[in-house]
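None of the values given here were measured: they were computed from a predicted structure.
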Amino acid sequence: MAAAVKSDSALLAAVDIALAELNESAEPGTVGDHLGAVMSGERLATHSFACLAPAYPGWVWTVSVARAPRSKTVTVCEVTLLPGADALLAPEWLPYADRLAPGDIGPGDVTPYVADDPMLVQGFEATGDDDVDRTAFWELGLGRARVLSAEGREAAAARWYEGENGPGAALALKAPAPCATCGFFVPIAGALRSMFGICAGEWSPSDGTVVSIDHGCGAHSEVDMDRPDPEKVPAPIVDEYRLDLA
């Protein structure tokens with residue numbers, strides 16, 4: 001168990017010294033009442049002041065003061081603005097892939113590649129549902145009085161192919177790859193299977209709609225976005241020539 005820090009009356013009483021340094025560093029009118037002082041370490045104390053800046057509600061100015069052994073001279077170590085218990089903080093950072101929502105993908109946009117996407121399995125694996133697997137090879141027509149004729153299929157195919165989910169759409173012209181190679185592409189059964197399928201990509205603007213095999217969008221399961229280089233933060237510069245006088 002760590003030993004308790006010995007109280008230092010000179011440091012705890014240095015309110016005026018801390019306030020004077022804070023008034024030089026902070027924007028005018030943003031320093032409020034003194035909220036107290038605590039010992040932060042041996043011969044090291046921290047004074048707290050209310051922050052009145054409108055942009056930082058609930059934040060607190062802190063000023064660290066210290067003194068050398070056997071010296072009564074108090075010096076200021078640093079001035080910091082810290083969030084208090086009720087401070088307004090930015091939301092927790094989320095990776096780009098986790099921030100995307102359905103409808104965010106536009107022409108030219110590309111989503112990041114998700115290697116372990118729970119919505120996808122290997123192409124050679126069956127679903128395990130006999131009805132679903134059989135439907136992939138057999139168009140159910142039993143129990144219906146009528147089904148599409150050849151003319152009806154051609155009209156539907158022309159309408160879909162020339163529409164917003166065909167190869168001529170703005171989204172498809174800038175797509176990195178066609179729907180035919182996307183894991184979210186679900187081929188339909190029957191005569192139109194060779195040309196169309198259903199998009200099952202949640203992030204895609206075509207989710208839940210019929211798309212041609214040569215349509216496409218930036219939410220393709222097998223492509224990745226161009227990732228920016230990580231930002232390089234320079235090493236801190238320590239000013240060893242400045243002398244702070246009490």
(request) Nearest 0.5 Å please: distance from the CG atom of L11 over to the CZ atom of R43. (result) 9.5 Å
(request) Under the side chain to side chain contact (heavy atoms under 4.5 Å, CB included) rule, what do N165 and W160 come out as? Steps first, then yes or no, please. (result) CA-CA 7 Å; N165 294 318; W160 294 345; over 6 Å; no
(message) Give me the atom names and distance for the closest heavy-atom approach of D109 to D104.
(response) OD2-O, 3.8 Å
(request) Would you give the length of the straight line joining atom NE2 of H220 to atom SG of C179, rounded to the nearest 0.5 angstrom? (result) 7.0 Å
(message) Test your reading of the model: is there a side-chain donor-acceptor pair from S25 to the backbone of E21, 3.5 Å cut-off?
(response) yes
(message) I'd like to know if the side chain of T62 pairs up with that of T46 as donor and acceptor (distance under 3.5 Å, no hydrogens or angles considered).
(response) no
(message) Can you see whether S64 engages H47 through a side-chain donor-acceptor pair at a distance of less than 3.5 angstrom?
(response) no
(request) Spell out, yes or no, whether L171 and V211 are grouped together once hydrophobic residues are joined by side-chain heavy atoms under 4.5 Å, including indirect joins. (result) no
(request) Would you sort out whether H34 and L19 count as a side chain to side chain contact (heavy atoms under 4.5 Å, CB included), showing the intermediate values? (result) CA-CA 8 Å; H34 183 251; L19 181 59; over 6 Å; no
(message) With rounding to the nearest 0.5 angstrom, report the NE2 to OG distance, H215 to S206.
(response) 3.5 Å
(message) For residues F184 and I213: do they belong to one hydrophobic cluster (side chain heavy atoms under 4.5 Å, members Ile, Leu, Val, Met, Phe, Trp, Tyr)?
(response) no
(request) Look only at the side chain of T30 and the backbone of E27, and say whether a donor-acceptor pair between them is shorter than 3.5 Å. (result) yes
(message) For a quick test of reading the model, state the closest non-hydrogen atom pair linking C217 to A175 and the distance between them.
(response) N-CB, 3.4 Å
(request) May I ask you to test the T75-V65 pair for a side-chain heavy-atom distance under 4.5 Å? (result) no
(message) In the structure I gave you, are the side-chain heavy atoms of R67 and D8 within less than 4.5 Å of one another anywhere?
(response) yes
(message) So which atom in C77 and which in L44 form the shortest heavy-atom distance, rounded to 0.1 Å?
(response) SG-CD1, 4.1 Å
(request) Treating Ile, Leu, Val, Met, Phe, Trp and Tyr as nodes and any side-chain heavy-atom pair under 4.5 angstrom as an edge, say whether L192 and I198 lie in one connected cluster. (result) yes
(message) Looking at A20, is its backbone amide N or carbonyl O close enough to the side chain of N23 to form a donor-acceptor pair, meaning the two atoms are under 3.5 Å apart?
(response) no
(request) Show the numbers, then the answer: is there a side chain to side chain contact (heavy atoms under 4.5 Å, CB included) between Y161 and F196? (result) CA-CA 9 Å; Y161 199 78; F196 300 100; 4.1 Å; yes
(message) With heavy-atom distances below 4.5 Å as the criterion, would you say the side chains of M225 and T111 are in contact?
(response) no
(request) Please tell me if the side chains of V223 and Y113 come closer than 4.5 Å, counting only heavy atoms from C-beta onward. (result) no
(message) Applying the side chain to side chain contact (heavy atoms under 4.5 Å, CB included) criterion to S48, which one of D33, V60, V38 satisfies it?
(response) V60
(request) Return the minimal non-hydrogen interatomic distance between V31 and F49, and the atom names on each side. (result) CG1-CB, 4.3 Å
(request) Please lay out, stage by stage, how L89 and W59 fare under the test side chain to side chain contact (heavy atoms under 4.5 Å, CB included). (result) CA-CA 10 Å; L89 301 176; W59 287 59; 3.5 Å; yes
(message) For a quick test of reading the model, state the closest non-hydrogen atom pair linking L173 to G168 and the distance between them.
(response) CD1-O, 3.8 Å
(message) Within the supplied structure, the quantity of interest is the number of heavy atoms (other residues, nucleotides, ligands) at a distance under 6.0 Å from E222 CD; does it exceed 12?
(response) yes
(message) Working to the nearest 0.5 angstrom, can you tell me the gap between T209 OG1 and E164 CD?
(response) 9.5 Å
(message) Could you check whether any side-chain heavy atom of L81 comes within less than 4.5 Å of a side-chain heavy atom of C51, counting everything from C-beta outward?
(response) yes
(request) List the atom of D214, the atom of S212, and the distance in Å for their closest heavy-atom pair. (result) OD1-OG, 2.8 Å
